[in-house]
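Here's the structure, in structure tokens; my notes come after.
In what follows, chains carry the letters A, B, and so on, assigned in the order in which the sequence lines appear, proteins first and then strands, with residues in each chain numbered from 1. The model shown is predicted, which means the values in this text are computed figures rather than measured ones.
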Amino acid sequence: MPTDENAVSKDFIRDLIDEDIRIGRFGGRVHTRFPPEPNGYLHIGHAMSINLNFGIARDYNGKFNLRFDDTNPTKEEQEYVDSIMADIHWLGVDWEDRLFFASDYFGQLYEWAMQLIKAGKAYVCDLNADEMREYRGTLTEPGRDSPYRSRSIEENLDLFERMRKGEFADGSHTLRAKIDMTSPNVNLRDPVLYRILRATHHRTGDTWCIYPMYDYAHGQSDSIEGITHSICTLEFEDHRPLYDWCLDALGIYHPQQIEFARKALTYTVLSKRKLIELVRNNYVTGWDDPRMPTVSGLRRRGYTPEAVREFCARLGVSKANSIADFQQLEACVREDLNKRAVRVMVVLKPVKVVIDNYPEDQVEWIDADNNPEDPAAGTRKLPFSRELYVEADDYREDAPKGWFRMSPGREVRLKHAYYIKCHTAVKNDKGEIVELRCTYDPASAGGSTPDNRKVQGTLHWVSAAHAVNAVVRLYEQLFNKPNPDDVPPGGDYKDNLNPNSLIALDKAKAEPGLANLNGGERYQFMRQGYFCADTDSQSGKPVFNRTVTLKDTWGKTENKPAAKK
RNA sequence: UGGGGCGUGGCCAAGUGGUAAGGCGACGGACUCUGGAUCCGUUAUUCGGUGGUUCGAAUCCAUCCGCCCCAGCCA
């Protein structure tokens, strides 16, 4: 089945799967899963994992599960479960009827723990956290056996049962795997399988006071669900021997764990701790602040799921730590929105234009195409009148070299309408331009003249009498540096917060068709960028978030440091 | 200085012994009723370094260097 994304070469994971299929492992089945812990909102990094797992299931005609890894009730909340499901659906990913929770398996996991005890492969340990750390040894020194390591099976069974019944205090006992305290892999030094934790679980309530650890829960959950390829990130590579040990010790169906490298993104942070800090301490307005790299933030910013998916596909998968360029993400939205977004005219920083030779009370309704990239998008009518707004930045008294826009005496085209020429800039006491007096050429109706004369600049405009007042939020990167963690000793990533990451313009003038929006509508504001109506929009007072600017070769040229001749 | 990984252009990334894909970016130029879009060029004599094997090495061997992860009763 061909994918709907651009064809990218296969990655090392698909190569491994190809080989498994070739040798008939797993009976040729492919079954993946995405196992989020519901302790935060999904971000672009999770989107990569979802895309990978779901994409593989789709490409191999396999299945994809969503399973919440909810084994730590002290950090997990229903709000996160809900947001995660909404975000995954938004990404266009479907787990069909396969929504699972590790907590669904607590009963089975408990049974299996007793099986391990009976096989002499697990024991109850009375060491407290500090003692256990001491016994564990260090990276270069082996650990020592716990004094409780050789308890009888009967005693272990009894103790574990009593742990479950709540006879012991939190932290006083653990169930540990009996593996090897001298293993060079620290994860194999009798890892904890169960801990006592009196916390109300968002799904099982107070049914349990012991909870399984990730290493014990994850592989068995994969096994229960018949997962074939359990794809996770590099930091779990050291855990694979433990993943394998549990499954083998239990003698149950054994999936293959495969690790890949997560990617960072320039100008943002993806660590859960930092994201939560940004939200809790109000550096942003919430998880869905359009500056956040969360899926909900990208959505509110105006990104499309197609663009996010394409971004993931273009980056590919590897085992090398890397930092993806934010511009790559922006290129993906631009490409997608260029094809789909309806073009509209919105003046962000308006200045009044009065066309002296245009009849006072006349209004013409001009045809404008909605999307030159897509004729099927149709046309709409735009009112044109004697008084208009244009972008203040589009007028320069002293035009620099290469300037195409308005300046005294220079003729420009108003998109879809007429050629105009400015003859006077009216200023206030402070010397600020408040009005541009212009004349128009009636023969230029529709944007061209019989004599075919060329005008270099084409400006967007809005009829003053028909304009809709709008708020436009211009977003930039949340951080000033490609790597926000790049700070001098003693510094903090928050030192790199960009104070100009949000600039709200409340005097914008939009064409009349934009008066009533619900939020979520995406447009291209001609010559400026892609914008998305925000849910803060009210009737007659739309609010827009800038998704991304249009490429601006003039801005680049003009701002180029002198040198250029 | 224990164990596990990783090092290909500014950023991602193909490549698995036969003489360095692609995308993003950057830089030129064409075209244009969005300085948008589109188009067309340019952008690694070289694959972390050094030796070696081979007719031939980014790919095999040796050695060195650099970066990441692991000492939670987090995931």
Distance flag, aromatic centroids of [Y] and [X], threshold under 6.0 Å:
X      : Y      : result
A/Y523 : A/F531 : no
A/F160 : A/Y110 : yes
A/Y267 : A/F479 : no

Report yes or no: do A/Y303 and A/E330 form a side-chain donor-acceptor pair below 3.5 Å? no
If you measure only the distance, is there a donor-acceptor pair under 3.5 Å linking the side chains of A/N371 and A/R343? yes
Please confirm whether the shortest side-chain N or O distance from [X] to OP1 or OP2 of [N] is below 4.0 Å.
X      : N      : result
A/S322 : B/rA13 : yes
A/R136 : B/rC73 : yes
A/T266 : B/rC11 : no
A/T140 : B/rU1  : no
A/K551 : B/rA37 : yes

Contact pattern, 5' to 3', of nucleotides 3-10 of chain B - B, S or - by protein heavy atom under 4.0 Å: BSSS----
Over all strands shown, is [X] touching base, sugar-phosphate only, or nothing at heavy-atom distances under 4.0 angstrom?
X      : answer
A/H460 : nothing
A/Y194 : nothing
A/L127 : base
A/G171 : base
A/G402 : base
A/V455 : nothing
A/H173 : nothing
A/L315 : sugar-phosphate
A/S183 : nothing
A/T138 : base
A/K263 : sugar-phosphate
A/N128 : base
A/M132 : base
A/P35  : nothing

Distance check, [atom1] atoms only: [N] and [M], in whole angstrom units.
N      : M      : atom1 : value
B/rA37 : B/rA44 : P     : 25 Å
B/rU53 : B/rA20 : P     : 23 Å
B/rU50 : B/rG66 : P     : 16 Å
B/rG48 : B/rG10 : P     : 13 Å
B/rC12 : B/rG17 : C1'   : 27 Å
B/rC31 : B/rC40 : P     : 15 Å
B/rG9  : B/rA14 : P     : 13 Å
B/rU59 : B/rG18 : P     : 12 Å

Comparing A/R413 and A/E235 on RNA chain B - which has the more 5′ nearest nucleotide: A/R413
In terms of the nearest nucleotide of RNA chain B, which residue is placed more toward the 5' end: A/S448 or A/P36? A/S448
Side chain of [X] only, please: which of [options] is the nearest?
X      : options                : value
A/L550 : B/rC24, B/rG35, B/rU34 : B/rU34
A/R343 : B/rC69, B/rG36, B/rC24 : B/rG36
A/E373 : B/rG25, B/rG2, B/rA37  : B/rA37
A/V186 : B/rC24, B/rG2, B/rC73  : B/rG2
A/V192 : B/rC73, B/rC24, B/rA75 : B/rC73
A/R195 : B/rG36, B/rG2, B/rA75  : B/rA75

Spell out yes or no: do the side chain of A/R527 and the base of B/rG35 have one donor N/O and one acceptor N/O closer than 3.5 Å? no
Over how many whole Å does the gap from [X] atom [atom1] to [N] atom [atom2] extend?
X      : N      : atom1 : atom2 : result
A/K556 : B/rG28 : NZ    : P     : 9 Å
A/F326 : B/rC11 : CZ    : P     : 19 Å
A/Q528 : B/rG36 : CD    : C1'   : 12 Å
A/L193 : B/rC74 : CG    : P     : 13 Å
A/I323 : B/rA13 : CD1   : C1'   : 15 Å
A/N452 : B/rU32 : CG    : P     : 11 Å
A/Y214 : B/rC70 : OH    : P     : 14 Å
A/E77  : B/rA75 : CD    : P     : 16 Å

Mind telling me if B/rG18 is syn or anti? Syn here is a glycosidic angle within 90° of 0. anti
If the plane angle is over 60° it's perpendicular, under 30° parallel, otherwise tilted; pick one for [X] and [Y].
X      : Y      : answer
A/F34  : A/H46  : perpendicular
A/H218 : A/Y243 : tilted
A/F236 : A/Y214 : tilted

Just how far is it from atom NE2 of A/H460 to atom CG of A/D394, taken to the nearest 0.5 Å? 6.0 Å
Under the rule of Watson-Crick or G-U wobble with both distances under 3.5 Å, where | means paired to another strand and [ ] a crossing pair, RNA chain B maps to .(((((((.[[[..)..(...]]]((((((.......))))))....[[[[[..)....]]]]])))))).....
Should A/Y530 and A/F525 be marked as a ring pair (Phe, Tyr, Trp, His ring centres under 6.0 Å) after you check the CA-CA gap, both sets of side-chain angles, and the distance that decides it? CA-CA 6 Å; A/Y530 296 97; A/F525 288 5; 9.6 Å; no
Any salt bridge between A/D190 and A/R136, counting N to O under 4.0 Å? no
Inspect the contact between A/D441 and A/K421 and indicate whether a charged nitrogen and a carboxylate oxygen are less than 4.0 angstrom apart. no
Quick check with a 6.0 Å cut-off and a 45 degree axis cone: is A/K274 positioned over the face of A/Y493's six-membered ring? yes
Relative to A/Y135, does A/R144 satisfy both conditions: NZ or CZ under 6.0 angstrom from the six-membered ring centre, and within 45 degrees of the ring's axis? yes
